[in-house]
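Below you'll find the structure, written out as structure tokens, and then a few comments.
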Amino acid sequence: DASVTRGSLQSNGEAVPENFRVEDFNLSTELEPGQVYVRTLYLSVDPYMRCRMNEDTGTDYLLPWQLSECVDGGGVGVVESSRHDSFSKGDTVTSFNWRWQTYDVLDGSKLQKLDPQLVNGHLSYFLGAVGMPGLTALLGIREDGHVTPGSNLTMVVSGAAGACGSFAGQIGRLEGCSRVVGICGSDQKCQVLVSELGFSGAVNYRCGDLTAALKKHCPRGVDVYFDNVGGSISDAVIAQMNQGGHVILCGQISQYNKDVPYPPPVPPETQEVLRSKNIIRERFTVLNYMDKYEAGLLQLSQWVKAGQIKVLETVANGIENMGVAFHSMMTGGNIGKQIVKISD
């Protein structure tokens with residue numbers, strides 16, 4: 001059996017593959033009552049994990065990964081054997097705290113059983129479109145975006161070619177936005193957003209004048225901003241927001257390698273725009289809406305099955321590539337959800 005442990009990293013700096021190491025170990029499959037033996041199928045790497053590499057994650061619901069201990073996150077696997085009444089051999093299961101191991105013995109109370117039919121058998125989708133990123137996009141737009149059908153709103157999404165952003169743009173359109181514009185880091189990604197995911201327009205923030213490009217794509221200004229990146233990109237979007245707009249503060253990936261509090265402070269001129277235009281900018285945490293998970297996942301499943309949400313994935317293979325996949329995701333190497341396939 002193999003597991004991935006965390007090596008040292010300063011809070012101020014880029015996480016690289018060498019910050020992780022793979023170790024072989026012997027896992028006892030003798031189960032106590034209530035335990036489940038699982039084989040890992042897919043593991044998720046997500047931007048929030050960078051915060052778990054600091055001594056202080058910046059939030060009370062995320063614990064830091066400990067040095068030289070196996071790290072964890074979202075995972076999907078299959079039950080090999082069980083001494084828990086709710087699980088049987090062959091069941092598909094998931095957990096938010098799935099250790100980065102090829103096999104594991106878990107307390108059954110920490111697992112949720114999954115119905116593969118919800119994703120037409122694409123089990124990795126439970127870590128993306130019909131999982132936490134999809135729920136974050138859906139509930140963020142519904143709870144903090146105040147998007148209603150026919151309201152003729154313009155929404156901008158930063159980090160738009162990533163997991164959450166690629167879903168947020170599509171969901172914004174489905175929920176009633178008349179115009180959805182994505183910001184990403186390459187011309188190829190811009191093309192994918194418009195031609196494959198149905199965005200109204202897309203802007204490559206690395207090329208030319210971001211402010212001018214936003215004005216061109218958002219002639220009526222910006223009503224809703226789904227913020228995945230923070231920093232100067234977000235300052236440029238907020239400067240063009242309309243009176244009474246809403247910022248869905250989902251992530252700040254541009255700031256995660258810096259030793260700053262979360263959410264990071266914004267410059268005085270941005271604070272003044274927020275104040276003078278009465279723009280609501282609140283931190284969005286999907287864990288605050290657990291009572292809406294079941295209905296949300298069902299809605300996401302229906303959209304995916306009907307082809308109304310297109311799912312893009314970047315898949316790495318093998319537990320030995322967890323660190324490579326994490327670094328690639330943090331530096332924009334993925335289009336859609338970054339997944340690591342551990343076994344068939």
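All of these numbers come straight from a predicted model, not from anything done at the bench. For the single chain, residues carry numbers from 1 onward in sequence order.
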Show your working on side chain to side chain contact (heavy atoms under 4.5 Å, CB included) between Leu31 and Ser81 and close with a plain yes or no.
-> CA-CA 9 Å; Leu31 301 181; Ser81 59; 3.6 Å; yes
Side chain to side chain contact (heavy atoms under 4.5 Å, CB included) partner of Ser343, chosen from Leu41, Thr102, Ile319 | Leu41
Side chain to side chain contact (heavy atoms under 4.5 Å, CB included) between Cys184 and Leu193: does it pass, once the steps are laid out?
-> CA-CA 9 Å; Cys184 57; Leu193 293 180; 3.9 Å; yes
State, to 0.1 Å, how close Pro219 and Lys216 come at their nearest heavy-atom pair, and which atoms those are.
-> CD-O, 3.8 Å
Going by heavy atoms in the side chains, are Val229 and Asp227 under 4.5 Å from each other?
-> yes
Correct closest heavy-atom pair for Phe326 and Met49 would be CE1-CB, 3.5 Å
Can you check whether Val36 reaches Val105 side chain to side chain, under 4.5 Å on heavy atoms?
-> no
Using a 3.5 Å cut-off and no angle test, enumerate the donor-acceptor pairs between side-chain atoms of residues 120-143 and protein atoms at least two apart in sequence or in another chain.
residue: Ser124; atom: OG; partner: Glu313; partner atom: OE1; Å: 3.2
residue: Ser124; atom: OG; partner: Glu313; partner atom: OE2; Å: 2.7
residue: Thr136; atom: OG1; partner: Met132; partner atom: O; Å: 2.7
residue: Arg142; atom: NE; partner: Glu175; partner atom: OE1; Å: 2.8
residue: Arg142; atom: NH2; partner: Glu175; partner atom: OE2; Å: 3.2
residue: Glu143; atom: OE2; partner: Lys292; partner atom: NZ; Å: 2.9

Got more than 12 heavy atoms from elsewhere within 6.0 Å of NZ, Lys305?
-> yes
Could you tell me how the ring of Phe284 sits relative to the ring of Tyr289: parallel (under 30°), tilted (30 to 60°) or perpendicular (over 60°)?
-> parallel
Validation row: Val78, Val93 side chains within 4.5 angstrom (heavy atoms) | no
Heavy-atom distance under 4.5 Å between the side chains of Trp98 and Asp72, does that happen here?
-> no
Would you say Glu196 has more than 12 foreign heavy atoms packed within less than 6.0 Å of its CD?
-> yes
Given side chains that start at C-beta, do those of Ile342 and Tyr42 come closer than 4.5 Å, heavy atoms only?
-> no
Answer with yes or no whether the hydrophobic clustering places Ile238 together with Leu210; edges join I, L, V, M, F, W, Y residues whose side-chain heavy atoms lie under 4.5 Å apart.
-> yes
Kindly check if the number of other-residue, nucleotide or ligand heavy atoms within 6.0 Å of CG (Asp85) is above 12?
-> no
Of the non-hydrogen atoms in Lys277 and Ala239, which two are nearest, and what is the gap between them?
-> NZ-O, 3.7 Å
Tell me whether Ile309 is reachable from Leu298 by hopping between hydrophobic residues (I, L, V, M, F, W, Y) whose side-chain heavy atoms are closer than 4.5 Å.
-> yes
Between Thr270 and Glu272, is a side chain to side chain contact (heavy atoms under 4.5 Å, CB included) present by the stated rule, with each step listed?
-> CA-CA 5 Å; Thr270 301; Glu272 178 55 26; over 6 Å; no
Would you call Val224 and Ile248 a side-chain contact if the rule is heavy atoms closer than 4.5 Å?
-> yes
Within 6.0 Å of CD in Gln117, more than 12 heavy atoms from elsewhere | no
Between Asn228 and Ser158, does any side-chain donor sit less than 3.5 Å from a side-chain acceptor?
-> no
Tested for side chain to side chain contact (heavy atoms under 4.5 Å, CB included) against Met241, the lone hit among Val247, Val273, Asp223, Thr154 is Val247
Would you name the heavy atoms of Lys113 and Asp91 that are closest together and state the gap between them?
-> CE-OD2, 3.3 Å
Please check if Val222 and Leu274 belong to a single hydrophobic cluster, counting links between Ile, Leu, Val, Met, Phe, Trp and Tyr side chain heavy atoms closer than 4.5 Å.
-> yes
Is there a path of hydrophobic side-chain contacts, each under 4.5 Å between heavy atoms of I, L, V, M, F, W or Y residues, that connects Phe96 with Val79?
-> yes
Same apolar cluster (I L V M F W Y, side chains within < 4.5 Å links), Leu174/Val180 = yes
Any side-chain heavy atom of Ser178 sitting closer than 4.5 Å to one from Arg220?
-> yes
Between Ile279 and His246, is a side chain to side chain contact (heavy atoms under 4.5 Å, CB included) present by the stated rule, with each step listed?
-> CA-CA 6 Å; Ile279 296 165; His246 292 88; over 6 Å; no
Atom CG of Asn278 and atom CD of Gln243: how far apart are they, to the nearest 0.5 Å?
-> 6.5 Å
Are any non-hydrogen side-chain atoms of Asp104 and Arg39 less than 4.5 angstrom apart?
-> no
Other residues, nucleotides, ligands: >12 heavy atoms within 6.0 Å of Gln302 CD | yes
Thr94: side-chain hydrogen bond (donor to acceptor under 3.5 Å, both in side chains) partners, not counting sequence neighbours = none
Please report the closest heavy-atom contact between His217 and Val181, naming both atoms and the distance.
-> O-CG2, 3.7 Å
May I ask you to decide whether Asp46 forms a salt bridge with Lys337, counting only side-chain N to carboxylate O separations under 4.0 Å?
-> yes
Using distance alone, with no hydrogens and no angle criterion, decide if Thr40 and Tyr103 have a side-chain donor and acceptor under 3.5 Å apart.
-> no
Looking only at non-hydrogen atoms, find the nearest pair between Val340 and Ala325 and report the distance.
-> CG2-CB, 3.6 Å
Heavy-atom count around Glu294 CD within 6.0 Å, excluding the residue itself: above 12?
-> no
Test Ser109 against Asp107 for side chain to side chain donor-acceptor pair (under 3.5 Å), laying out the working first.
-> CA-CA 5 Å; Ser109 65; Asp107 183 338; 2.9 Å; yes
